Amino acid sequence: MKYLVAFRHKPIHIEILCDLFWRDMDQKYARINLQSTIYMLRSIVGKDKIVFHDNTYCFDPKNEIVVDADEFEKFIQMALNSKDLSERKTLLEKALDLYKGDFMAENLYEDWTLQFREHYRDLFVKGLLELGKIYLEEGHPHNVIELSKSALIQDPLNEEAVLLLIKAYIKNNNLSDAVKVYKEFSAILEKELQIKPSKELTQLYGQIVSGNLDNKWLIVVEGTDSLINKNDLLNDLKKAVRDTDEIVFLCENKVGIFLKGIPKAAAKNIYGRITNILDKCSVQTRISFREAR
């Protein structure tokens, strides 16, 4: 059945079918092969699913058979058109779960399969990267790393996948692997295409090696009651942060400290210094640390 999936819903002349599937065979024997194939398919899906008329065959004319390739493409397109992030994520996950590998992988050297194979593979890579972006936004770098690597297996020169993978490593505070990915990809581009990575990717690499990543972190200090002596607290907090960091009183009992452009380890050190300062204060407080949106 899969031999006719790509041509479903529309009549195809028997000579075209013979030429597609048995191009190098004598027309007489090609027709015999076609008749045998049709007989086998009808025994599987039913006689009414393959209709013969005026020297043409039409597979599934009433669109009654569910084909995973069609479902896969439908879910991808619905996801790309969806404005709802949750729905988009669900559709992408459904689509990717349907993809089981290259279309007609056992017939790699038949010309008619090539365009379909590339089409579905491109959609698969697109789905991987779109889902990876959602996971990155949700703060799941391990999932992003897995999806990005899967995309690069399909398309080793896909710079969008490399960029997503490096961002995931940064989120995971794994800067050494981020640098390694950039260098390996840069070498591949130079060898295969004699070009350099894009400006965006190169700038991100530069931020990594210079320690000037555009990471944003938020430390929140919350008092059980109103934070009194705000000036004293402000002066104490300033001792623990940098001049470029921002301290904002969010309400009477809550202070936010915004840290920008530093790795997670450095932000954690500042968090530790603030914790030590607050431990010496008479006011009882709670402190939390997270990545800022």
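Given the structure is predicted, the values throughout are model-derived calculations rather than measurements. Start at 1 with the first residue, then count along the sequence.
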Considering all heavy atoms, the nearest [X]-[Y] contact:
| X | Y | result |
| --- | --- | --- |
| Ile270 | Ala240 | CG2-O, 3.6 Å |
| Tyr99 | Tyr120 | CE1-O, 3.7 Å |
| Ala30 | Met25 | N-SD, 3.7 Å |
| Ile14 | Arg31 | CD1-NH1, 3.0 Å |
| Asp19 | Arg23 | O-CB, 3.2 Å |
| Ala151 | Ala161 | CB-CB, 4.0 Å |

Would one find more than 12 heavy atoms of other residues, nucleotides or ligands at under 6.0 Å from atom [atom1] of [X]?
| X | atom1 | value |
| --- | --- | --- |
| Phe52 | CZ | yes |
| His13 | NE2 | yes |
| Lys149 | NZ | no |

Report task. Please test Leu165 against Ile145 for side chain to side chain contact (heavy atoms under 4.5 Å, CB included), starting from the C-alpha separation and ending with a verdict. Result -> CA-CA 5 Å; Leu165 179 57; Ile145 290 169; 3.9 Å; yes
Is [X] linked to [Y] within one hydrophobic cluster, defined over Ile, Leu, Val, Met, Phe, Trp and Tyr using a side-chain heavy-atom separation of less than 4.5 Å?
| X | Y | answer |
| --- | --- | --- |
| Ile277 | Phe249 | no |
| Leu237 | Phe258 | no |
| Leu250 | Phe289 | no |
| Ile32 | Leu17 | yes |
| Leu175 | Leu201 | yes |

Report task. Please lay out, stage by stage, how Cys18 and Gln27 fare under the test side chain to side chain contact (heavy atoms under 4.5 Å, CB included). Result -> CA-CA 7 Å; Cys18 289; Gln27 184 72 205; 3.9 Å; yes
Query raised in the report: Do NZ/NE/NH1/NH2 and the carboxylate oxygens of Lys133 and Glu130 come within less than 4.0 Å?
Result: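 Looking at Lys133 and Glu130, the cut-off is met.
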Query raised in the report: Salt bridge check: are Lys180 and Asp177 linked by an N-O gap of less than 4.0 Å?
Result: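 Salt bridge absent between Lys180 and Asp177.
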Nearest-0.5 Å distance that lies between atom [atom1] in [X] and atom [atom2] in [Y]:
| X | Y | atom1 | atom2 | result |
| --- | --- | --- | --- | --- |
| Glu146 | Leu128 | CD | CG | 9.5 Å |
| Glu160 | Ser148 | CD | OG | 9.5 Å |
| Lys191 | Leu193 | NZ | CG | 12.0 Å |
| Phe185 | Ile166 | CZ | CD1 | 8.5 Å |
| Ile188 | Glu159 | CD1 | CD | 12.0 Å |
| Ser150 | Leu96 | OG | CG | 9.0 Å |

**Report entry** Check: Ser186 side chain, Tyr182 main-chain N or O, donor-acceptor pair, under 3.5 Å
**Finding:** no
Got [X] and [Y] here, is their nearest side-chain heavy-atom distance under 4.5 Å?
| X | Y | value |
| --- | --- | --- |
| Glu200 | Leu163 | yes |
| Leu189 | Lys196 | no |
| Thr37 | Trp22 | yes |

Requested in this report: Walk me through it: do Tyr135 and His142 pass the test side chain to side chain contact (heavy atoms under 4.5 Å, CB included)?
Outcome: CA-CA 9 Å; Tyr135 281 141; His142 291 292; over 6 Å; no
Query raised in the report: Can you name the salt bridge (charged side-chain N to carboxylate O under 4.0 Å, His left out) partners of Asp155, sequence neighbours left out?
Result: none
**Report entry** salt bridge (charged side-chain N to carboxylate O under 4.0 Å, His left out) partners of Arg42, counting only residues at least two apart
**Finding:** none
Report summary line: Checking Leu136, Asn158, Leu147 against Leu164 for side chain to side chain contact (heavy atoms under 4.5 Å, CB included), the one that qualifies is Leu136
Report task. Pick out which of Ile287, Ile247, Val248, Val220 makes a side chain to side chain contact (heavy atoms under 4.5 Å, CB included) with Ile257. Result ->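 Going through the options one by one, the only one that passes is Ile247.
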Atom pairs and distances, side-chain donor-acceptor, residues 74-84, under 3.5 Å, sequence neighbours left out:
from  : atom 1 : to    : atom 2 : distance (Å)
Lys74 : NZ     : Glu71 : OE1    : 3.4
Lys74 : NZ     : Glu71 : OE2    : 3.4
Asn81 : ND2    : Gln77 : O      : 3.1
Ser82 : OG     : Asp84 : N      : 3.2
Ser82 : OG     : Asp84 : O      : 3.3
Ser82 : OG     : Glu87 : OE1    : 2.6
Asp84 : OD1    : Ser86 : N      : 3.1
Asp84 : OD1    : Glu87 : N      : 2.7

Requested in this report: Kindly indicate, with the supporting measurements, whether the criterion side chain to side chain contact (heavy atoms under 4.5 Å, CB included) is fulfilled by Thr56 and Ile16.
Outcome: CA-CA 9 Å; Thr56 66; Ile16 295 177; over 6 Å; no
